[in-house]
Structure formats: C-alpha cells, structure tokens
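Each chain gets a letter, A, B and so on, in the order the sequences are listed, and its residues count up from 1.
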Amino acid sequence: MRWIRAIVTLLFVAAAFWALDNRHGTFPALGRLLDPFTGFWQNGERSDAVPGNLVLPGLRAEVRIAWDDRHVPHIFAANEHDLFLTQGYVAAALRLWQMDFQSLYTAGRIAEVVGPAALRQDIFTRRFGLPWAAANTVRALRDDAETKEALEAFSAGVNARIADLGRKGLPVEFKILDYRPEPWTDYKSALLLKAMAYALTAFNQDAAMTRMRDRGGAWSEAVSSLFPDFAPLVDPVIPPGTPLDFTPVAVPAPPVAGTPSAGAAARTGVASTDAACDAPAPQGPFGPPGLLARPELGSNNWAVSGRLTKDGFPILCNDMHLELSFPAVWYEVQLSAPGMNVRGVSFPAAPLVVAGYNADIAWGFTNGTDDVLDWYAIEFKDGTHAEYRQAGAWRKASVREETFKVRGGRTFVDRVVITHHGPIVRWPDEPAFAAMDVRAGAALRWLGHDVSNEFTTLRALSRARNYGDYVAALENWSCPGQNFIFAGREGTIALWHNGRFPLRWKGQGRFVMDGADPANEWQGWIPHAQIPHVRDPERGFVSSANQAPVDESYPYYLGWDYASFERGARINEILRAARAVTPEDMVRMQTDVLDIRARAVLPRLLEIIGPRATSDAERRCLEELRAWNLEVRAGAVAPTVFNELWSELNRLTWDDETTDETGRMPRPASQVMIDQVLGHPAAAWFDDKRTDGAVETLDGIAADAFRSAVANLEKRLGPFGEAWHWGKAKGTVIRHLARIPAFGRKVEADGTGHVIDAISAVWAPSWRMVVELGPEVRAWGNYPGGQSGNPGSRFYEDRVEDWAAGRPYELVFLKSADEPHPRVVGRTVMRGRR
Amino acid sequence: MIATLVCLLVMWVWHLLTPYWWGVMLFPFAYGAGLAKTGGKAIRTGLLSAGILWLGASLYFYFSGSGIIASRMAGMFGLGRPGLMIAATALVAAVAAGLSGYAGYAVGVLFRKPAKRTDTEERS
C-alpha cells in the first residue's frame, strides 16, 4: 500500500514538474515564468537611472554615452569600431528580443519558436529566398573592409550584451516563448536588409493581371484602362517638365511573338491549376515580413527650399509608414566618431542611422514602389524538375535543401528548385500562400536576391556634407528602391528616386512571362545618373508619397503599380501655396487630414444618394456627410460613413467581375474609380453581373452602396452614436510582434491611409521627422512606441499618446559627449576593461 | 515552524545561486523524505515555505519596479489585476511545493526504520 502511495504521489509530482517546466502550445512554462528570481518579475525596471560605468570587452578606447529624457543614447566614440560595438550593445540592451525574433522570422525559422502553426509561413520565406539572399549578401558585405568592421563590431556588441544576461536578465518574451537568443552575426544584420527589401518591394499583382489578360476580350483591354501605367489625377514625384540632364541609352526590344507567356502557361498547364485569389491582403501571424507594403500604404517626404521658409533655411520632412508594432520598428540614436556626428533613427538589428541628419545635411525616405519582382512561367522536361526549357534547349535546375526544425513537431526538409531566373515558390499541387498571390510553377526574379551593400550608402550619408556627397552615397543602393529626399545647409534640396532598376522594355514584368524566352529577362540596368531625380526645382520644393515617380516624358519603364494620388497631390497642393514656412507649419502639415478623395467624389455621390436616403440612420449619415469639412478626425462620424460607402461602392462595382472561375478582379486604384464615377457613370463596370436582364449604372450602384454601408455600420457598430466616431470605428491597434494581446494597445487617432497623416488600422507613420538646416540644425520627431522593447519599462510605449496627437519632441543633438544640456539625464562611460 | 523557516531560507539561497525554479519542489521533497514526521507536516512545510517565499519576493519586486510588467502579464493570462499575478505566483509555488513535500514523505517512509513507529505517528 505504501509503495502504491509513494508511486502515485511521485507520479503526481513528476506530472506537476513537467507541467510547470514546459510550454504547452501557446501556454508558457509557468514554473519558470512565475519564478520571482528568474521569471517575469525580473523584467521590471527599478528606476530610469542608466548605468554610470560599464565594461564592454573589445573597446579600444573609452566611449561616452549621454542619455536624454526620451531615453535616447547619444554615443561618442574615438573610432568607428568602438562606435558600432557600442551601438550593438545599446541596441541589444534596448531591443534584443525584437532583433532575435525578426532575424528568425526572416530566416524562415519561426516554427522553431512557435511550432507547426508557423511552418507554412517559414516554407514561403525560404522558397522566396530571403535567407538565401541574406547569405549571398553577407559575402559581399564582408568584401568591403569598412562594412565588415562595422558589422563585426556591431555583432560583438550585441553578443557582449547577450553574455551579460543570465536567464533572469533575458527579455520577457524569451521567457514566455521559452527559448534563448542565438549569438548575433553579420548574417543576421543582412537578414534585416532583406526583410526590408521584401516588405517594400515584394507586393505584386502579376498573377492577377495575367489572369485578366489571358481571359481576353474586354478583360485584356481593362488591364490597360483600369490599371494604366500613367493614371489620372496623379502628380508624379519628379515635377512634370523637369528637363532630362542625360542622353537615354537604348532599351531592349520586347519579344517578337504576340503573348508568349500565355503560350508557355498553356504548355506547362500551370494556369488551369492556379487556384487564383485576388491578391489577398497579405498578412502573417507574426512580424513585419508578413505584411507587405501595398502601394496605397506608403510614406511621405518633402523638402522646402529656403526661398519659401520664414528664416530662409531649408526644411526637410519625412514620415515613413510601416506596420505599427511593439516593440517599435525604430529607435532613436545619435552616433559620433571622428568624421561623423549623425542623429536619427535606426533599425535595432543593424549598425548606423537609417534616416536622419547631421550638422550639414538631412535625408529621409519614401518607398519607390517600382517593379523589381517578376515571374516566369517555366516548362519542366518532366516531373523530376531537373531540367527546364530555356532559349530552345533544356537547362539544368539546381536544388537547395531547406531543413525546418519544427518545435514540438517533426523535422521537415523542403527541396527548393532554382532556375537561372530564381526559385520556384509554389507548385501547382500546393495550396496558396497567405503571404502572396504566387503563380503556381513560376520562377521568381527579384532584385532583392542580387548582391548589394546598402550599408555603404548609409555610412556615406552619415558623413555627407553637401549635395555631391549625397549623390555619391546613393550609387551603391540597390534594393529597396527609395525616394531619397535631401536638404543641405548650403541651400540645396533634392530628391533621387534611387535604387537599381532593370532596363525594361515597356510593360516588361507586368504579367507572368515566358521563362524560356531570353527577351523576357532583365538585360541591363538604367544607368545611375539617369534614374529619376530633381534638384532645386523652380517650384521651391521636392516631395514624394509613393506615387508614380515620373510622367510619360521619362524614357524608361519602371512599373505601374504605384500609390494612389491623394497624399502626393495634397502635399503638393499645400506646398504650392506655402510662403514663409516655419518648422511648426511643417509639423502641422505632417498631421494634415484633409481627404481629397472625398473632396473629388463626394459631391457627385451626394447628388445621387441625397434623394434616396430613407431610414433614420441613412438620413443621419447623409447629414453627417453633407456637413463634413472633409477632415478625417477621430471624433467625426462622416469619415466612418464615407469610408464604408467608398468600400461598398468598390465592392459592388468590381467584385462581381471575375477573371475566371476562381479569381475576382483586383480593384483598381482610387483615381481610376474616381474617374469612372465622375466621367463614366454608364460604364459597363457599374452593371451588376449577378442581376439578370437589368443593367445598372452608377446611380443604382451608389444608392445600393449607401444603403449597404449604413446597414454594415449598424451591424458592426450598433445604433448610430459614439461608436461610429472614426477613431473608434477605425480600430487602430499597435500589436506586439508575437501577437501577445496585453503587450499591444489600441489607439484613437485622426487620419487614414490616403491622407497625409496616414494612420490606418495597423499601418501608420512609423517615424515623423522635421529638420531645419540653419546654422544650428534643429529637428523634431516622434514615433509610435518607445525606446525600450521591454514591456515592463515605462519607455515601452511612452511616446504613443503624443505621436497619436501629432506632437513631436525637439530632438537633442549634442556636439560632444560632455556638452551640458538640460535634457541630458544620465551619462554612461564604457571601457574595454576595468 | 522552524522547519518552514529553514526550508524557506534554503530555497532562498538556492534561488540566489541558481537559475532553477524547481528548488521550490526539491527542498520540500527532501524535507518530506528525510525529516517530516507526518505527511501533513510535509505538505504544510512545503506549502508555506515556498508560498511565503514566492509571495514575499513577488511583492517585493511588484513594489520595486515590476508593477508594469505584472499588469501586462495579468492581461496576458486574462487575470485583469496585477495583484492576481502575485497570488498566482504564490499559489503555483505553494501547490508544487506542498505536493512535492508529501511525495517526499511518501517515498521517505518506505526507507525509514522502524517503519511501524512512523505509521503510528502518522495516525496520531
């Protein structure tokens, strides 16, 4: 009996130990997590005080850090090695879990941490080739002595921080997800480059456009009429009329046959098995690489010449829109070493400053949104996929084996078949990926796979003193192509639509192309001096908002799928009227919320729906719309109604059009829809294909859309009232990267994706910056989040309210480590040894 | 009482020297196996020593900077109030240690001499 009792109680104890010492699904290992001596209780921060002295092995000289009241480190080192070593240490001290998790995500290894649920995403990441691209890139990075030293020093700094952490010092997410950080390497910093290249250039509608074209007839025509290369209403980045300062080179000739890729698709049989979906809103369960920059979700930047400013100094403004997340995408830092004193924001996973300023120049970004990703239909010789047709012969494919160590599951090996174009991402017998509409059986050609070293650009910009330095710095930048905006203290403003762009025949890459025809391949590059650029234009400002970079006078084809017209047009409209501009004006402009889409289309829609509102809720909505001042304010109801009306108008107009049995037609950009509403009210697109006999026009569809919109809102938000206020209805949320609900938060804020203050539900200005380049540079900035990645720190989300309200902070910019400054609240001295 | 105090102190030192949470199971087990005179005492000693240690420690950390993280963890577990994280911490330690203490006792009595006297004590 006693034996039985002993055995039973021992079994109970063993079960309790097992239960408390292991993670179960998403439920954490409670014993370890709750242990007050090593678990989450250790992740509080006892004070805001920063360490006075620290030993950082490897430092060659003393490094001094001044911390300002926003917890921004201002790092002063005697050489670049020490600077980046310290930056690595500080970045890891602030954001280690974020760095580690993002690197795992981009490496396609997230299933190692979260289990089988993430395997499909990992397979996509590896097939797409992000870790492969990073591995290629890191070899190039090591070829450049300065980059090599910077990355090695940065890695050593991160690893010194990891070494300082016992179990109890680990960021809390490691404890919840129950794993440990890996040693940092230059490869992991390269992964960050590829993650950004992916997020900003991989969105494409090639498969959907191909389905439309292949259906023939009116559909083929619709590709060019509804998805044109040059859309109405768009005010391009480079001011129309800007003279070319170069002689264009010859562009390759297109293939001679009519539609070769359609033929290839038929031969390979991939079209019929392609379970098409309408370019799904890309989303992943975790992290930034799951969310692609759709063209309408973008960024703003502009620079105003001293001719238009009150004090005569140029002012540069930038707000980069990315997915809202905790920890925040960016952290602020000042980096100083001989020849460099730069201030701005950086990604935690890499050295240098990405966007910012020094005493002489400022620079910033918006996404270029050009087409640097193509698909090629491949005809394989047989089911082994060992050879494929190319230029009239069979060519051998290579295979890369990818091993997935799934947590709590089996180890899985995937064979990635690679053509000379690039990898096959999805096979005809496979389900679609949530992350991207991938043409089954097609090979991917993506600029991000090419070797490049973007760090040299950032380093050179940090050291730049004038326009010449800036232009020289841009040459090495390949991907993602960006609108690099510039202002210099000397008075120059400029914008280069900068990156590496394939020299394309017109329309090349718009559709899935025949992979066997060499004429479809990229055959060279637009010379760097001939990429779109403008310096000191007559109008006194330069600007960009992800819209088409050029008009038809530009000699090269760059792509077609750019952001809709609103933000770009609104920025230019304000700046054209601007005189005696102050930095305060620019800060206000960054939170401008005038909806020029509504301004263009609402009067016409009101004419239609006005007489047709019947229910009480419809009449109240109508009154709100009629009284609306067109500002997208959190406390207003009209934006909620207009947004829903616009969405329903688009749904009823476009979603009854199907490109084939399985695929809906992609929705055209807003400027095309506005053109249809204002100029083509009887267009066939307004006819509802699901009604037999009846032929609908704009009037009928708009009235239906209004009724449907109001009904949707009543269903979703309840009776007309406070819940209909835009700030609430929009539901902006800053989510934690691992989607831990209590680590994120909701925000009520003005704005929407297509106004300058582009705060949408999960995508928003990730860093707003205004820099005035006077004799003493002054700058203001803020971002949604906080410097610390620790959810237990008061610096985790301390900036959110001010960010949501459009209140930036003046940025502390020190000339030396010991400069007295009222906002410096602590100083740390770091030495190589005690 | 003395046993509880000693057990608590030993566990505390263990926590300061090692990163392993399961000290709160190990020492009650050892006490139950080697020293506890009754199963009830083994349970009580483990439960109180570990419960008080983790309660005290979590209270200390809660009031010295871990309030924010406790709130977030309470949110993650759906507990609502951070105070409940303190209770949960103490409860997990207490239950694990109490159970462990009793298991230690149940195993220990198998090897004690004379086993009979122990049984008698247990009944009394």
Problem - Close aromatic pair by centroid cut-off 6.0 Å: F27(A) and F77(B) - result: yes

Practice task
Verify the neighbour count for atom CG of L17(B): are there more than 12 heavy atoms of other residues, nucleotides or ligands below 6.0 Å?
Solution key: yes

Problem - Per-residue contact mode, L11(A) against chain B (heavy atom under 4.5 angstrom) - result: neither

Practice task
Could you have a look at G44(A), P28(A), G39(A) and say which one has the most heavy-atom pairs with chain B under 4.5 angstrom?
Solution key: G44(A)

Fill in the blank from the handout: Shortest non-hydrogen pair, F12(A) vs L99(B), comes out as O-CD2, 3.8 Å

Handout entry: Closest non-hydrogen atom pair, L30(A) against V92(B)
Key = CD1-CG2, 4.3 Å

Completion exercise
CG (D35(A)) and OG1 (T89(B)) are apart, to the nearest 0.5 Å, by 9.5 Å

Exercise for the section: Using atom types as modelled and distance alone, determine if a side-chain donor or acceptor of R2(A) lies under 3.5 Å from a backbone N or O of L110(B). Expected result: no

Exercise for the section: Tell me, for R167(A) versus chain B, whether the close heavy atoms (under 4.5 Å) come from the side chain, the backbone, both or neither. Expected result: side chain

Handout entry: Contacting moiety of P791(A), where chain B heavy atoms sit under 4.5 Å
Key = both

Completion exercise
Residue from A742(A), S793(A), P36(A) scoring the most non-hydrogen pairs under 4.5 Å with chain B is P36(A)

Completion exercise
Whatever's closer than 4.5 Å to a heavy atom in chain A on L91(B) counts as neither

Problem - Any donor-acceptor pair under 3.5 Å from S66(B) side chain to W41(A) backbone - result: yes

Handout entry: Exam field: side chain R5(A) to backbone A106(B), donor-acceptor pair closer than 3.5 Å
Key = no

Problem - Check: L34(A) and M73(B) side chains under 4.5 Å, non-hydrogen atoms - result: no

Handout entry: Atom group of M25(B) that falls short of 4.5 Å from chain A, counting heavy atoms
Key = side chain

Exercise for the section: Provide the full list of side-chain hydrogen bond (donor to acceptor under 3.5 Å, both in side chains) pairs with a residue in residues 7-31 of chain B, sequence neighbours left out, each pair given once. Expected result: D21(A)-W21(B), W14(B)-T18(B), H15(B)-W54(B)

Exercise for the section: Would you mind checking which part of T38(A) comes under 4.5 Å of any heavy atom in chain B, side chain (CB onward), backbone (N, CA, C, O), both or neither? Expected result: side chain

Completion exercise
In this structure, CZ of F37(A) is separated from CZ of F61(B) (nearest 0.5 Å) by 6.0 Å

Fill in the blank from the handout: Answer key: most heavy-atom pairs under 4.5 Å with chain A among I68(B), L53(B), V107(B) is I68(B)

Completion exercise
If you tally heavy-atom pairs under 4.5 Å between each of A88(B), S58(B), A103(B) and chain A, the highest tally belongs to S58(B)

Completion exercise
Applying a strict 4.5 Å limit to non-hydrogen atoms, the region of L20(A) in contact with chain B is both

Problem - Atom pair CG/CE of L33(A) and M85(B) - distance to nearest 0.5 Å - result: 6.5 Å

